[in-house]
Amino acid sequence: MAAVLRKLIQGRLPALAGVLCRRSGNEGHLFLNSSGSTLMQPRCGYSSPTESVIVEMDKATGVALLKLNIPPVNSLSLPLLTELAIVLDKLEMDKHCRGLILTSAVPNIFSAGLNLFDMMDKPNEHYSEFWRAVQEIWIKLYGSSLANIAAINGSSPAGGCLLALCSDYRIMANNPHFTIGLNETRLGIVAPFWYDILQWRVHHPPPCLHLFVMALVFRLHVHHPSAMTKVTRAYSTELKISVSYVKQPINWRSHEIYK
Ligand SMILES: CCCCCCC/C=C/C(=O)SCCNC(=O)CCNC(=O)[C@H](O)C(C)(C)COP(=O)(O)OP(=O)(O)OC[C@H]1O[C@@H](n2cnc3c(N)ncnc32)[C@H](O)[C@@H]1OP(=O)(O)O
């Protein structure tokens with residue numbers, strides 16, 4: 001580990017940070033793995049072919065538990081990002097799935113962030129593909145129509161932290177040995193501009209809380225229609241505004257950037 005970090009700090013890391021490549025438009029691969037075979041058959045209806053993302057679907061609740069499973073540290077390599085993207089697409093299209101919980105199958109580690117070896121000594125084409133895959137995960141997780149929660153059951157530096165920020169809610173195990181944060185700046189890696197958007201959302205939770213309140217209001221409305229009609233009307237405009245804030249970067253205007 002120390003040797004890798006030293007190499008990066010010595011300046012051999014290509015100036016990739018913050019580079020946003022264009023989407024290649026090859027979304028047709030989404031239901032194939034990197035070697036071209038179809039996937040996600042076994043275990044409760046889903047699974048990635050190499051089990052690098054374990055999916056346990058609770059059919060009773062419609063909640064899928066996704067466990068990153070690339071020891072030793074769940075670093076976000078191109079194959080892992082690709083498989084995660086495929087799983088997310090599959091869940092998104094599953095009409096029985098209502099939400100997902102992203103966690104880790106590796107003890108004490110949620111994710112070590114981007115795979116450092118994917119960011120050094122590789123041809124430029126690889127960097128394009130890699131950063132496209134990184135963006136895809138952000139777009140898919142942050143733009144997901146499913147409720148998604150990050151259950152951070154271990155250390156989660158850099159891209160691991162950003163992965164958690166993409167979720168709607170974060171819950172972290174209370175263990176003083178678990179670290180989280182953006183250490184990559186020490187390596188000279190600048191987080192992409194859209195990190196600001198994630199940070200903004202986490203630091204400005206009112207729209208999310210608002211949605212939560214609205215969900216309760218609507219629930220009451222179902223059970224006590226007459227009492228709640230006025231309240232519901234008053235909040236309906238607010239709800240629209242809240243929704244637009246919560247999913248802000250996914251509206252057509254900002255999405256256009258990635259085409
Ligand atoms: C979805 C949106 C993403 C947007 C990303 C935007 C920008 C993000 C940039 C990055 O993520 S850059 C990556 C920065 N990450 C790090 O610097 C993490 C460094 N790692 C650690 O701090 C620790 O390894 C750990 C995760 C806290 C675990 O510590 P532990 O003591 O349990 O294990 P180690 O002995 O340190 O490591 C074990 C093994 O794993 C290899 N490794 C660790 N991190 C990475 C990594 N990021 N990529 C590739 N490989 C990694 C490490 O080299 C060890 O390997 P061996 O020496 O055993 O072969």
Side-chain angles (χ1 to χ4, degrees), residues 23-70 74 76-106 110-111 132-153 160 162-171 198 201 208 211-212 214-215 218-219 222 239 242-244 246-252 254-255 258-259:
R23 298 177 92 185
S24 61
N26 59 346
E27 283 79 0
H29 74 284
L30 285 174
F31 297 100
L32 301 175
N33 70 9
S34 40
S35 62
S37 55
T38 53
L39 45 78
M40 287 188 278
Q41 294 309 322
R43 204 192 295 235
C44 305
Y46 293 98
S47 202
S48 66
T50 61
E51 296 265 301
S52 56
V53 184
I54 298 171
V55 185
E56 292 171 6
M57 171 64 84
D58 182 335
K59 287 188 177 160
T61 59
V63 175
L65 183 64
L66 271 63
K67 296 183 193 168
L68 302 179
N69 184 35
I70 297 278
N74 282 337
L76 303 172
S77 61
L78 184 55
L80 176 56
L81 290 167
T82 305
E83 289 203 16
L84 184 56
I86 293 168
V87 168
L88 291 174
D89 274 344
K90 192 79 177 171
L91 292 175
E92 196 74 42
M93 291 170 66
D94 181 343
K95 61 180 188 316
H96 301 297
C97 184
R98 299 164 61 227
L100 64 92
I101 300 171
L102 184 63
T103 190
S104 164
V106 177
F110 179 72
S111 168
R132 186 192 59 77
V134 172
Q135 283 185 101
E136 287 281 340
I137 289 301
W138 168 60
I139 290 171
K140 286 182 196 305
L141 262 184
Y142 187 46
S144 174
S145 64
L146 304 171
N148 65 64
I149 296 173
I152 309 163
N153 54 346
L162 292 193
L163 201 59
L165 286 175
C166 293
S167 299
D168 295 320
Y169 299 96
R170 286 143 293 278
I171 301 164
L198 299 176
R201 191 173 68 145
C208 309
L211 272 184
F212 179 64
M214 283 309 300
F218 278 122
R219 197 171 167 168
V222 170
L239 176 66
S242 299
V243 170
S244 71
V246 169
K247 296 294 180 188
Q248 196 172 40
I250 309 304
N251 66 28
W252 70 268
S254 51
H255 203 66
Y258 302 98
K259 284 182 181 157

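Predicted model only: the values in this text are computed from it and were never measured.
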Which pair of non-hydrogen atoms, one from Ile152 and one from Ala164, has the smallest distance, and what is that distance? CD1-CB, 3.7 Å
Leu88 side, atom CG; Glu92 side, atom CD - distance, nearest 0.5 Å: 8.0 Å
Considering non-hydrogen atoms only, spot the tightest contact between Phe110 and Ala150 and give its length. CZ-CB, 4.3 Å
Of all the heavy-atom pairs spanning Ile70 and Ser52, show the shortest one and how long it is. CD1-CB, 3.2 Å
Distance check, rounded to the nearest 0.5 Å: Ser144 atom OG versus Leu91 atom CG? 8.5 Å
Measure the spacing between CG of Leu102 and CZ of Arg170 and express it to the nearest 0.5 Å. 11.5 Å
Looking only at non-hydrogen atoms, find the nearest pair between Ser104 and Lys67 and report the distance. C-CB, 4.3 Å
Starting from the C-alpha separation in whole Å, work towards a yes-or-no answer on side-chain contact (heavy atoms from CB on, under 4.5 Å) for Glu51 and Ile54. CA-CA 5 Å; Glu51 296 265 301; Ile54 298 171; 4.1 Å; yes
Return the OG1 to NE2 distance between Thr61 and His96, rounded to the nearest 0.5 Å. 13.0 Å
Considering all heavy atoms, the nearest Asp168-Ala147 contact: OD2-CA, 3.5 Å
Starting from the C-alpha separation in whole Å, work towards a yes-or-no answer on side-chain contact (heavy atoms from CB on, under 4.5 Å) for Leu163 and Leu68. CA-CA 11 Å; Leu163 201 59; Leu68 302 179; 3.9 Å; yes
Heavy-atom side-chain proximity of Lys140 to Leu84 below 4.5 angstrom: no
With side-chain contact (heavy atoms from CB on, under 4.5 Å) as the test, would you mind laying out the steps for Leu81 and Val134 before giving the verdict? CA-CA 7 Å; Leu81 290 167; Val134 172; 3.7 Å; yes
Side-chain contact test, heavy atoms from C-beta onward, threshold under 4.5 Å: evaluate it for Leu146 versus Cys97 and give yes or no. yes
Dump the intermediate steps for side-chain contact (heavy atoms from CB on, under 4.5 Å) on Lys90 and Val55, then the final yes or no. CA-CA 11 Å; Lys90 192 79 177 171; Val55 185; over 6 Å; no
How about Leu65 and Thr103: do any of their side-chain heavy atoms sit closer than 4.5 Å? yes
How long is the span from the CG atom in Leu66 to the CD1 atom in Ile149, to the nearest 0.5 Å? 12.5 Å
